[in-house]
Each structure stands twice: as structure tokens, then as C-alpha cells.
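See structure below.
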Amino acid sequence: MFFAQEEAGRLGDNYVSVEHLLLGLITDSESASARILRGMGASLNEIRTQVEQQVPRRDARLGQDMQLTPRAKRVIDLAYDEARQLRHDHIGSEHLLLGVIREGDSAAGRVLANMGVDIERAREIATGSDKVQQHAGGTAEEAEAVSDLLSVAGMSEDDKRRARDLIARLRSGGVAKVSTSGETVSCLRTTQLRGRDLLSIADLNAEEIDLVFSTAALLKQGVKEKRSQSSLLEDKTLAMIFEKPSLRTRVTFEVAMTQLGGHAIYLQPSDISLGVRESIADAARNLERWVDVIMARVFSHNTVAELAEHARIPVINALSDLEHPCQALADVYTIREHKGELKGLKLAYVGDGNNCCNSLLLLAAKVGTSMSVGCPKGFEPNPDIVAAAKKLVEETGAVIEITDDPAAAVKDADAVYTDVWASMGQESEKAEREKIFPPYQVNDELLKHAKEDAIFLHCLPAHRGEEVTDEVMDGPHSVVFDEAENRLHVQKALLVLLVEG
Ligand code: CP
Ligand code: NVA
């Protein structure tokens, strides 16, 4: 009420109207009402602009007593009614907002209705946020999840507030099933990832990988249900540095930022000439002043590592000569979608032991999937990564093996993966490699060694007729376009989890 009176006074009115009430409700962007509105995809700035356009400017005498207009009084009555219905023993900004929405006849109510704010969703968010915030009510499962969450060691009050806010926003952004125990706890742990870099799969532990996957699943569901997610990264900017070409990575990161309410800036090689026009460190020190997160596709892994070292904002590796972590996350997420449980599965990788293979080895090992790499001698994955993956599976019981026999690699596999024989930057070796790699082509004959229901994956772009045949790419085992789609959902999860709220 105090903020509403302030608004009325500022606009020269002696009466507090519904419009003043609404302006007051969004004055504090962290209030429950503001969070509900943001959660429904409504922009607080836009509400303020539109409502102010509807409010007549008057010239009231200062010091005169403030009174409520009849309509504003009705909003207060409705707020009491909402609180009663929700079994709350207090009147908060969320109840007043519900009152404004219900009193649909006012200019403020119309502005909200035009922005797609509806009473059912608002109540749902109000109830959900409240359950999390008050650690009370809801199902036994929710109560347990919340108590788990709040007892996470070392979580500051500020972190708890951010986590609760994120849950409320995820839930309202279509992430409706966030209320189940595991997911809620996962979301609460988001504070662990906030502000971090993703240069390698080694940067994530098993719990964090699970969090990325659960968040991606929830965001994907939200997209399918056509719910707005534009409050999740509202006003945030991603700088996308590309030293190499791209279709999937560029488009999915850019669409991700659009869907999350932020913005992406594409920087092609000639725009910044990283390390030539100025040092990598200086480019990082500039970018961190303007944007909230950087993704970089680079030739040398050292370049993305140096960017991360000098930028105090998250840096995401969008492919280097050593790793392609975003790809591997989307790949394994796709396997999870098609096969369910990841533990106990066998993934076969056939072809060049390159960046994708390296990231997959680390990721498979972390999630308990066995991985068999069939590659020509001299084209094995990075030996340090193979050693790290072998060490990791000591705890999970999975198996990591490297062989030069493609049929042995594929034997009884649940998923078969391949990639180009010559990666970007290896164009001069293409002709030589084309002589070595044909036995490693993934074709129907090779797939016969896998399980009958095996799926086929490829990071794409595919060189049809080289590492894979048309019959496999377009055949019943292929899930390559699901995989490409999942780049979007997984990267959205990464952005939501890494970028400061
Ligand atoms: N898989 C992948 O990273 O594709 P692009 O090279 O098109 O980005
Ligand atoms: N290994 C390939 C992957 C392309 C997405 C490359 O680095 O070119």
C-alpha cells in the first residue's frame, strides 16, 4: 500500500486507483507479485509503461489524505478472498496482484490480460513459490525436497533466495514438473554452477550433469507447451565468438537466448581476429564489461581456456580441437531420452578419436555408460582423456575400451556414433584420411553388430557416403535430428544454470 500511495502521489492523485496499486506491486522487482509476473513472461518495464499511459496526470494538493477508489477497495476485498482460498494467514503482494487480475474491468487489469497474464497461472505460481518459500504445504514429497534444499551445506541466504526465485521462474516458464523431489533439489543446487565456465566435460560432476539434463528436459517440455520462458535470461547478452564455421551451434545458441528473453551477438572470425587484433586476454577484459556470458568456437583449446582465465563471466567451449562439451551433453541427453537409464548402456564410437570422442568419453564415464572406441591406429582419442575416463569408471563398473576393430567396438552397442574423418582445421589431411578411414564407415553391415534396437548418432554435419551412408542416416536407427534439436534444450539449460541471475 505504501508503494501504491507513493505512485498516486507521484502522479498527482489523491485517490489510490487499481493502476497505482499495480505500479506499487512492481516497484520492488523482488516482491512476490513481481516474481509472479516475470514468471508468466510479462516484462515489468512494459507493464509500467503501459499502465502509466492509462493513468491521468492530476495536480493534487500535497498533504491531502489518500483514499482508495471504489474499484481499488474491491481489489483489496478480492485479495483477502484469494488469501483465504490459498489458506494464507497474511495479505501479501501476491494476493493483491491476484485481486488486480480478478478485478478485470480496470485499465491495469486490461494491460495484464493483454500480456497473457491469467488468474489460473498466477495462482499456480503464487502457490508454488509459496510452498518453496515457506517450506510448508504441498505434498510430502515437496516438503521433503524443500527441506533437503534448504539444508544444502554452505548455502547463503542470498543463494537460497536465488534458488527459490529460479525454481519459481522455471516452474512458470513451462518447467511445471519442478515440484518433484529430485528436480526441486537439483534446481536448488543451481547455485553451484552459477558463474562457472564450461570448457570441458571434466568441469561437471555427475550430479551437475544430472541437473543440466533435468533442466533441459523441463525447458524442452515448456517449449512444447508453448510457454514463454523469456523471463529466465531477460536483458542478458551472450557474445558468440566463432573462429570456424557453424550451423547448429550458432543457431541453437542464438535461438536459446531469444527464447530465454536475452540477446546473442555473433562475432565472426574477421570481426575480432582473436589474438591478432588484440590479445585474447584483452578481448576477454573488454567483453566482460558488456556481456553476461561468452561462448567460443576456437581452433586451439588454449584460446578458450585463456578467454575463461581473463573473463570474470562464464565462458562456454562451443568446440575446440580438444573437446566439444555442448555436443556431448546433447548426445548423451538424446541417448537418455531414447533409452532411459544411462547406467549399463554401451556407446560405440567409430572413426576419428577427435574432440567429440574426447568429450563423449568423459561424459559416458561420468554417467556410468560403457564406451568402446573403434578407430584406426594413430587416430586414437587424447591419451590423458582416455586415462581420466578409465579412472572414472573404476567407481561405476562401466568399461572404456579403445580398439582398431570397428565391429568389435560396435558389438552389442545400444548406441553407435560417428563423426567426420577430417575435422575443421584438418582440411589438408582430408585426402590422406580418406585412404585410411573407409573400414570405419557406419553402414548397415556394421550396424548389424549392434543391438537390434540400437540408435545411431552423429554430431553433424555428416559427409554422407564417407563416415556414414544414406541408408543409416535416413534409416530407422537414426536419431540425428533429435540430437540436433537437443543442442537447443541442453544449451538453454547451461545458460540458465551458468549465467548470474
Ligand atoms: N555439431 C555442430 O557443432 O554443428 P555445427 O558445426 O554446425 O555448429
Ligand atoms: N569433429 C568435428 C565436429 C564438428 C561439429 C570438427 O571439429 O570439425
Side-chain angles (χ1 to χ4, degrees), residues 192-205 208-209 212 233 235-257 260 262-330 354-356 358-359 362-363 382 384-385 388 423-426 459 487 490-501:
Q192 256 176 263
L193 280 170
R194 189 158 40 86
R196 292 210 339 228
D197 302 313
L198 178 66
L199 304 184
S200 160
I201 291 296
D203 294 338
L204 299 172
N205 64 31
E208 290 159 352
I209 291 162
V212 172
L233 289 183
D235 298 334
K236 303 291 178 197
T237 305
L238 163 74
M240 306 193 297
I241 299 174
F242 281 92
E243 290 187 338
K244 300 174 179 179
S246 168
L247 169 66
R248 279 145 293 272
T249 306
R250 189 249 164 114
V251 174
T252 51
F253 266 107
E254 192 158 337
V255 171
M257 287 306 285
L260 295 171
H263 182 69
I265 301 173
Y266 173 62
L267 298 163
Q268 61 180 336
S270 57
D271 282 335
I272 59 175
S273 305
L274 205 55
V276 178
R277 201 161 164 262
E278 63 194 305
S279 72
I280 296 166
D282 281 350
R285 291 181 189 119
N286 276 266
L287 284 168
E288 70 167 21
R289 300 290 177 117
W290 309 312
V291 306
D292 305 280
V293 51
I294 298 170
M295 61 118 286
R297 165 165 287 194
V298 296
F299 283 98
S300 162
H301 191 78
N302 292 339
T303 303
V304 70
E306 204 173 331
L307 273 172
E309 189 188 333
H310 295 283
R312 288 167 298 181
I313 53 174
V315 173
I316 300 173
N317 175 3
L319 183 148
S320 68
D321 55 349
L322 186 65
E323 276 203 56
H324 197 357
C326 299
Q327 180 67 55
L329 285 165
N354 60 18
N355 42 13
C356 289
N358 289 334
S359 290
L362 288 172
L363 188 49
N382 179 288
D384 293 339
I385 288 184
S423 285
M424 292 180 278
Q426 296 173 332
C459 59
R487 290 289 303 276
V490 166
Q491 285 159 200
K492 278 171 72 182
L494 287 174
L495 289 164
V496 166
L497 297 171
L498 296 175
V499 176
E500 299 275 353

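Everything quoted here is computed from the prediction, not taken from an experiment. The analysis underlying the following values was restricted to heavy atoms, covering all of them including side chains, and did not include hydrogens, waters or symmetry mates.
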State, to 0.1 Å, how close A388 and L362 come at their nearest heavy-atom pair, and which atoms those are. CB-CD2, 4.1 Å

Please check if the side chain of T252 supplies one atom and the backbone of R248 the other of a donor-acceptor pair under 3.5 Å. yes

Do C326 and I316 have side-chain heavy atoms sitting under 4.5 Å apart? yes

Rounded to the nearest 0.5 Å, how far apart are CG of L274 and CG of D271? 11.5 Å

With a cut-off of 3.5 Å and sequence neighbours excluded, list every side-chain donor-acceptor pair involving residues 294-302.
unit_1 : atom_1 : unit_2 : atom_2 : d
R297   : NE     : A318   : O      : 3.1
R297   : NH1    : P245   : O      : 2.8
R297   : NH2    : T249   : OG1    : 2.8
R297   : NH2    : A318   : O      : 3.4
S300   : OG     : N302   : N      : 3.1
H301   : ND1    : S320   : OG     : 2.8

Assess whether side-chain contact (heavy atoms from CB on, under 4.5 Å) is satisfied between L193 and E208, documenting all intermediate values. CA-CA 8 Å; L193 280 170; E208 290 159 352; 4.1 Å; yes

Under 3.5 Å, side chain of N355 to main-chain N/O of L322, donor-acceptor pair present? no

So how far is it from I272 CD1 to I280 CD1, rounded to the nearest 0.5 Å? 9.5 Å

Do M257 and L495 touch side chain to side chain, with heavy atoms closer than 4.5 Å? yes

List for me each residue that meets salt bridge (Lys or Arg N to Asp or Glu O under 4.0 Å) alongside E306, sequence neighbours excluded, and say none if there are none. none

Is the Lys NZ or Arg CZ of R250 less than 6.0 Å from the centre of Y266's six-membered ring, within 45° of the axis? yes

Contact between K236 and V293 at the side-chain level, heavy atoms closer than 4.5 Å - yes or no? no

Going from CG on L198 to CG on D203, what distance comes out if it is rounded to the nearest 0.5 angstrom? 6.0 Å

Side chains of V499 and L260, heavy atoms from C-beta outward: is any pair under 4.5 Å? no

Flag the pair I265 / W290 as yes when at least one side-chain heavy-atom distance between them is below 4.5 Å, and no otherwise. no

Enter the distance from D292:CG to H263:NE2 here, rounded to the nearest 0.5 Å. 11.5 Å

State, yes or no, whether a side-chain contact exists between L319 and K244 at a heavy-atom distance under 4.5 Å. yes

Could you tell me the separation between the OG atom of S200 and the CG atom of N317, rounded to the nearest 0.5 Å? 8.0 Å

When rounded to the nearest 0.5 Å, the distance separating CG of L238 from CD of Q491 is 9.5 Å

Would E278 and R285 count as a salt bridge (charged side-chain N to carboxylate O under 4.0 Å, His left out) here? Give the steps. CA-CA 11 Å; E278 63 194 305; R285 291 181 189 119; over 6 Å; no

Donor-acceptor under 3.5 Å (N354 side chain, C356 main chain): yes

Test your reading of the model: is there a side-chain donor-acceptor pair from E323 to the backbone of I201, 3.5 Å cut-off? yes

If you apply the rule side-chain contact (heavy atoms from CB on, under 4.5 Å), what do you find for T303 with E243, and how did you get there? CA-CA 10 Å; T303 303; E243 290 187 338; 4.0 Å; yes

Salt bridge (Lys or Arg N to Asp or Glu O under 4.0 Å) partners of R277, counting only residues at least two apart: none

Do side-chain atoms of Q327 reach the backbone of H324 as a donor and acceptor pair under 3.5 angstrom? no

Main chain of V251, side chain of E254: is a donor-acceptor contact present, judged purely on distance under 3.5 Å? no

Quick one: closest heavy-atom pair of P325 and L199, and the distance? CG-O, 3.8 Å

